[in-house]
There are 2 protein chains.
Amino acid sequence: MTEEHRVTEEPRTRRRQARGERRMADILDAAAKVFAQLGYEKATTNAIAAAAGISPGSLYQFFPNKEAIAQALADRFVAEMGGTHRTAFENLDFAALDLDELLDRVVDPIVAFNVANPGFKALFARPDMPAGLTGAAQPIQSALLGRVAAILAALDPELPDEDRDRAARVLVRIFQAMLPAVVDAPEPERPAEVRELKKVLRGYLAPIARED
Amino acid sequence: MTEEHRVTEEPRTRRRQARGERRMADILDAAAKVFAQLGYEKATTNAIAAAAGISPGSLYQFFPNKEAIAQALADRFVAEMGGTHRTAFENLDFAALDLDELLDRVVDPIVAFNVANPGFKALFARPDMPAGLTGAAQPIQSALLGRVAAILAALDPELPDEDRDRAARVLVRIFQAMLPAVVDAPEPERPAEVRELKKVLRGYLAPIARED
DNA sequence: CGAGAATACGAGCAATCGCTCGCGTTTACT
DNA sequence: AGTAAACGCGAGCGATTGCTCGTATTCTCG
């Protein structure tokens, strides 16, 4: 038993040099671009490697397979989105705002994030993923669902959990459905698309918001 | 010039026997099943042939390629949908109905059609298609868009064409987005999903409908 | 410096998929 | 009966794709 004083302990994160960390970031940047252009399924790992300026073999030194790339990219997106909008969401006095203001404050930043990161919706709004939602899309989905549910709870504290979660699912689904139209719209027509998105959300939320 | 008294005239539809027509229908049935289970991209032509009980070679005696199968299936869906619901749509006195009744009359048959034909949404609500919407999904999309636009025009004849078409696109998109949740829901929970779908549609339509 | 790990390469393997091709069988028509 | 076209088969081709492997280079640290 004296063979190893430090047990092999599952190879969670292998030793990595600074250059390697940079490479991983480059690969994720490249993957975001390629996913944005082609979607998850049609994006090839060789294309991602080429976009990152490395060989396929090098790519697989950092990620065990294609899904892991999407996973890591999704995790990074979740982190960035959280970091960017935490302040915008947290100290909002929901009761004091009317519905239109609330929608502006919540929708606009998310739209801006998606316009700035076109690869996001490739992982979030596409049904390409392997094994349904299990995989890369799930953490993103869960993150948004949680935030929307929290807003709903603030809007109407009386709302039963079941109804609140169902409404959150519906709202996220609407968002998913309308996002491509907003993001892919040419600059001049984007505000109109955003306006329609807010109309849909407002129409669904209005009966919930006025808890009379 | 006496070579052929009957010019070859482009081989539009090749001579086909009754057995062949039946085979084509069988193939489309099989394709609907496979598309429903796997989506367009992941469905293999060999799997469709196997599901139809024929060999890959025989399949390609009737359809030149995979997309043509989807195209033909989409055309058949459009025809069936039109035949089923024409009466339901045509002689509706929109002005006399309130919004909830109108939604019931329009949404319920379409939902029923989709529950009965689970392959439909694989062609209608999936972004798998080759070359964007060009291809099989387009005729379905156009058919629905036209009907929705007609209803909107009846609801508010003053509505400018541009606004009406945009609203129609939004409504169809919402339908697309919510349909999978409705169709894939287990029997007992389906009515609840349908109710949410109608809530969303009603919320968006209400400001358009009351043309005060 | 020297050893071992991390990084890097890119040809190419194994599996998949849309589709073809050669050939045999059945049907329609004269 | 005889002919041509329609129907049918299934092995497998050509292209693609996720990923591997042998090998070479660079970095870290004692």
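Here is the naming used below: chain letters follow the sequence lines, and residue numbers restart at 1 for every chain. Everything numeric in this text was worked out from a predicted model, so none of it was measured.
Where A:Ala43 and A:Ser58 meet DNA chain D, the nucleotide closest to each residue was compared, and A:Ala43 sits on the side nearer the 5' end. Between B:Gly57 and B:Arg19, the residue anchored nearer the 5' end of DNA chain D, judged by the nucleotide with its closest heavy atom, is B:Arg19. Taking for each of B:Asn65 and A:Pro56 the nucleotide of DNA chain C with the nearest heavy atom, the 5'-most of the two is the partner of A:Pro56.
A:Leu59 comes within 4.0 angstrom of nothing in the nucleic acid, heavy atoms only. As judged by a 4.0 angstrom heavy-atom cut-off over every strand, A:Asn46 is placed among the base-contacting residues.
Rounded to a whole Å, the CD1 atom of B:Ile54 is 17 Å from the P atom of C:dT26. With rounding to whole Å, A:Gln61 atom CD is found 12 Å from D:dC21 atom C1'. If you measure from atom CD1 of B:Ile27 to atom P of D:dC7, you get 10 Å, rounded to the nearest angstrom. Nucleotide D:dC19 holds its C1' atom 13 Å from the CD1 atom of A:Ile48, rounded to whole Å. We find that NZ of B:Lys66 is positioned 15 Å from P of C:dT20, with the value rounded to whole Å. In this entry the distance linking CG of A:Leu38 with P of D:dG18 reads 11 Å, nearest Å. Look at CZ on B:Arg23: it is 11 Å from C1' on D:dC9, rounded to the nearest Å. Per the geometry, CD belonging to A:Glu41 stands 12 Å off C1' belonging to D:dG18, to the nearest Å.
Salt-bridge check for A:Asp29 with A:Arg76: passed, with a basic side-chain N closer than 4.0 Å to an acidic carboxylate O.
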Derivation and outcome, side-chain contact (heavy atoms from CB on, under 4.5 Å), residues A:Arg173 and A:Val170
CA-CA 5 Å; A:Arg173 203 171 261 276; A:Val170 170; 5.6 Å; no

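Side chain A:Thr45 to base D:dG18: no donor-acceptor pair is found below 3.5 Å.
When the nucleotides D:dC9, C:dA8, D:dT20 are ranked by their closest atom to the side chain of A:Phe62, C:dA8 comes out on top. Of all nucleotides listed (D:dT20, D:dC7, C:dC19), D:dT20 comes nearest to the side chain of A:Tyr60.
Screening A:Leu99, A:Leu205, A:Val107 for a side chain to side chain contact (heavy atoms under 4.5 Å, CB included) with A:Lys198, the sole residue that qualifies is A:Val107.
A donor-acceptor distance shorter than 3.5 angstrom exists from the side chain of A:Lys66 to the backbone of A:Glu41, with no hydrogens or angles considered.
Taken from CG in B:Leu144 to CG in B:Leu171, the straight-line distance is 11.0 Å, to the nearest 0.5 Å.
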